[in-house]
**Q** 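Before anything else, here's the structure in question.
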Amino acid sequence: MSDQLHVDLLPQSIWEEAVPYEALAQLRREAPVYWHEEPDGPGFWAITRHADIKQISKDPGRFSSHEAGVSRLDLTEPMELAAYRQVVIAMDPPEHGQLRGLISKAFTPRAINGLEPAIREIAQKAIRAAVERREVDFVQEYAAAIPMHVISEMMGVPEDKSLRLAEMSSALIDDQDPEIAPTADSRQNAQIETLTIAMELAQRELADPGDNLTARLLQAEFEGRRLTEGEFGMFFLFLIVAGNETTRTAMTGGLITLLDHPDQLAAIHNDPSLIPRAVEETLRYWPPIHHFRRTAMCDVELRGRQIRKGDKALMWYPAANRDESVFDDPDRFDIRRTPNDHLSFGFGEHFCLGASLARLELRVMYEELLRHVSEIVPLAKPRRLRSNLINGIKEMRVELRPK
Ligand code: HEM
């Protein structure tokens, strides 16, 4: 199963520097289904073409999310795997459809659009405070503050627990970076603390249901069944991670990209109606997630390569988003690009359930940022996260000049 090319996508030090777009482009052109060795596992197929990622994503019968989850490394503890498999992202049909149907009831366009005034209020409060301080870390003071508040508000999490959950969310997903998760136990402790908050919340909402997503999720019925408390706990844990790091990364990465293209930043400043398209292009150009995994359930031939039953396949979203067969001049950042069929929210069965919420949050965050600020001046090079999973920024010091 050896390949002529030798590309190593795993060292975190590479991603800490920058997304290795050249290596990804070489794979996409010369070895789109590439057998990649792993120091800590049996190896995986690196999938880099847009069409192949789409094909795999819509074929859960042959490429499972449930078999071993969507992370590169296998969970070795059977209990841990069993708990993880209760989460919607790690399910296959028909269970996936049932649970997704149930959860989607809380993510209707009406429910999401109804959140706009609350999101705007949170964004306005955050930007006013940041502008007053003038020199700030954009990640903490704006990009991270808003998604966490929004999820907390949606779920009915008490204010005092919200900030703590933001820390937990980083420790849960950014655990490749020793600065964020310094000890081997950091992730596990964060998991326990988050689940405890989830259980307290579930008990409160079962006893006295409020007007929030937690109460609606616990009451929702789909095909005659309700979420168990355990399923709710795992879903809560997942949502804290899925909705936080991704949206904050999209916001920060998007702003970095716009600052690198001042003419396009000026264009959305002058005409905010361009913001929704700019959001899509920043998502294409700076996908918050580098890859997700599937496990082959049978032997499959793809572009002449033999994928064997049990092999894992990693779908590299940054590679798909620069696929020249789909995007004209793919390395060019263009807020007016249309159509823009990027895969940053995935595709098919597991297409991001929070995509419209994330799009709404990002639109409102840009609108409020540009309404309050005349100029954004970088004060230092943004510090990237050490991770081959999340395209994150740990710190971005900027001066926000008020209007
Ligand atoms: C810019 C922000 C976001 C990005 C880039 C993103 C990305 C993704 C991707 C790539 C998937 C597909 C996973 C797969 O195919 O295995 C996914 C699934 C999911 N996302 Fe997001 N996400 C974002 C924001 C959110 C938010 C705000 C929420 C909710 C509050 C959310 C909830 C979910 C859920 C529940 C799933 C699983 C859907 C399923 O398995 O059927 N995401 N997301």
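Just so you know, ligand 1 is whichever comes first in the structure, and atom 1 is the first atom listed for that ligand.
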**Q** Taking the six-membered ring where the residue is Trp, are the ring centres of His350 and His96 under 6.0 Å apart?
**A** yes
**Q** With Leu265 as reference, evaluate Leu258, Asn270, Thr257 under the side-chain contact (heavy atoms from CB on, under 4.5 Å) test and give the passing residue.
**A** Leu258
**Q** Please name all residues satisfying side-chain contact (heavy atoms from CB on, under 4.5 Å) with Val136, sequence neighbours left out, ordered by chain then number.
**A**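 For Val136, the residues satisfying side-chain contact (heavy atoms from CB on, under 4.5 Å) (neighbours in sequence not counted) are Ala130, Arg133, Glu141, Val398, Leu400.
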**Q** Hey, what polar pairs (N/O, under 3.5 Å) does ligand 1 make with protein?
**A**
unit_1: ligand 1; atom_1: 15 (O); unit_2: Arg294; atom_2: NH2; d: 2.7
unit_1: ligand 1; atom_1: 16 (O); unit_2: Arg294; atom_2: NH1; d: 3.0
unit_1: ligand 1; atom_1: 16 (O); unit_2: Arg294; atom_2: NH2; d: 3.1
unit_1: ligand 1; atom_1: 40 (O); unit_2: Val88; atom_2: O; d: 3.4
unit_1: ligand 1; atom_1: 40 (O); unit_2: His350; atom_2: ND1; d: 2.6
unit_1: ligand 1; atom_1: 41 (O); unit_2: His96; atom_2: NE2; d: 2.7
unit_1: ligand 1; atom_1: 41 (O); unit_2: Arg100; atom_2: NH1; d: 2.6

**Q** Tell me yes or no: between the side chains of Ser64 and Asp92, is some donor less than 3.5 Å from an acceptor?
**A**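 Distance-only check passes for Ser64 and Asp92.
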**Q** Hydrogens and angles aside, do Glu245 and Ser170 bring a side-chain donor and acceptor to less than 3.5 Å of each other?
**A**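 Present: a donor and an acceptor within the cut-off.
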**Q** Whether the Ser65 and Arg294 side chains hold a donor-acceptor pair (N or O, under 3.5 Å, no angle test) is what I'd like checked.
**A**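 There is such a pair (donor and acceptor under 3.5 Å, judged by atom type) between the side chains of Ser65 and Arg294.
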